[in-house]
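Report on the structure given below.
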Amino acid sequence: KFIKPYMPTLLPTIWSLLTQMADIYINLVVNEGDVDPFDGNEDEKDNFIKMILQIFELIHSLAESKKFKVLIKSVLGDLVYVLVLYMQMTEEQMILWNDDVEKFIDDEDSDAGVDCSIRSSGKDILLKLGDEFEGAFLGGLTEAVTKLVALSDSERNSGKPNWWKTHEATMLSFENSDFKALVLNNDAFNLAEYLNLVKGLMAYHVSPYLLGRCALTLAKYIETEACTAHIADALNTITASFSADKPMTSKVYAIRATYEI
């Protein structure tokens, strides 16, 4: 009751902070750019990440609150877009996963409940938004995906090597069973169009993480009419991922995809 009158004033400030920090986070943590705003100070970097996680916690609480969720509903498209930007896998995570496949499996396990990274926290918020807002959330998801595809296309055309990361992050939520049920039981999101996009991404062999995520996403929806045209491509990619020359992370994706089928 005390804070309610102030929320309309506080939220724009918090939202501005979250969007401004996204650029810094992507450059500093996701892609490890040349310019470090913290000059190598790890304590400042850790505090920066903690601040993002605290804002995420606030958003999660607002989405659950009957008093404040209307404020979240009005910005669903922009919120989903920003969350996916934060959910991109970092260079540090990729190095760690390449060296330690067990760590990769643990971090990918959505039921483990031990990973408090920005990536996993962002995914948790997306799932909460889907649970709370359903059709309205899917409308926001459609808007966000459109913007994310445009961003990725622009980055790819300008030669940026990590253009694929937003696509991989977007697909992360589609593997959740509750999320799948929401998409299949609601016409607010064009699944066939999205799976066609996913299939097209498999032609870009820029990262085993993108290829594996694409195969896993198609496998998750393989029984749907929207995926019928892509079954052969999914199966071929899964089979090829078991080759001896493929990294262990690709094999993990293939095993998970096989399980989904």
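Quick note: residue numbers are just sequence positions, from 1.
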dist Leu71:CG -> Ile59:CD1 (nearest 0.5 Å) comes out at 12.0 Å
Look at the side chain of Asp100 and the backbone N and O of Leu96, then say whether any donor-acceptor pair between them is shorter than 3.5 Å. no
So CG of Asp153 and NE2 of His167: to nearest 0.5 Å the spacing works out to 6.0 Å
Handout entry: Check: Asp23 main-chain N/O paired with Asn27 side-chain donor or acceptor under 3.5 Å
Key = no
Rounded to the nearest 0.5 Å, the CD atom of Glu168 sits from the CE atom of Met171 at a distance of 6.5 Å
Checklist line | Under 3.5 Å: donor-acceptor pair, side chain of Asn236, backbone of Ala232 | finding: yes
Check against salt bridge (Lys or Arg N to Asp or Glu O under 4.0 Å), Glu91 and Lys165: CA-CA 11 Å; Glu91 292 297 308; Lys165 287 186 176 183; 2.6 Å; yes
Tell me whether Asp131 contacts the main-chain N or O of Leu127 through its side chain, where contact means a donor paired with an acceptor under 3.5 Å. no
Checklist entry - Are Asp107 and Lys103 within salt-bridge range, i.e. N to O under 4.0 Å? => result yes
Donor-acceptor contact present, side-chain Ser65 to main-chain Lys67, <3.5 Å: yes
The reported gap from CD1 in Ile49 to CG in Leu28 (rounded to nearest 0.5 angstrom) is 7.5 Å
Between the OG1 atom in Thr249 and the CH2 atom in Trp97, the distance rounded to the nearest 0.5 Å is 9.5 Å
*Is there side-chain contact between Phe242 and Ile255, with heavy atoms separated by less than 4.5 Å?*
yes
*asked:* For Thr90, is there any backbone N or O sitting under 3.5 Å from a side-chain donor or acceptor partner on Gln93?
replied: yes
Under a 4.0 Å N-O cut-off, is there an ion pair linking Glu64 with Lys128?
yes
### Task
Tell me, with the steps shown, if Glu260 and Lys180 meet salt bridge (Lys or Arg N to Asp or Glu O under 4.0 Å).
CA-CA 12 Å; Glu260 293 293 345; Lys180 176 182 178 180; 5.8 Å; no
When rounded to the nearest 0.5 Å, the distance separating CE of Met87 from CD1 of Ile118 is 12.0 Å
Please check this pair: side chain of Ser152 against backbone of Trp163, looking for a donor-acceptor N/O pair closer than 3.5 Å. yes
Tell me if a side-chain donor or acceptor on Tyr86 pairs with a main-chain N or O of Leu18 at a distance below 3.5 Å.
yes
Cation-pi between Lys73 and Phe133: NZ/CZ under 6.0 Å from ring centre and within 45° of the ring axis?
no
For the residue pair Tyr209 and Trp164, does the interplanar ring angle fall in the parallel (under 30°), tilted (30 to 60°) or perpendicular (over 60°) class?
-> parallel
Exercise. Ignoring hydrogens and geometry, is there a side-chain-to-backbone donor-acceptor pair from Thr239 to Leu235 under 3.5 Å?
Worked result: yes
Has Ser154 got a side-chain atom pairing as donor or acceptor with Ala150's backbone, closer than 3.5 angstrom? no
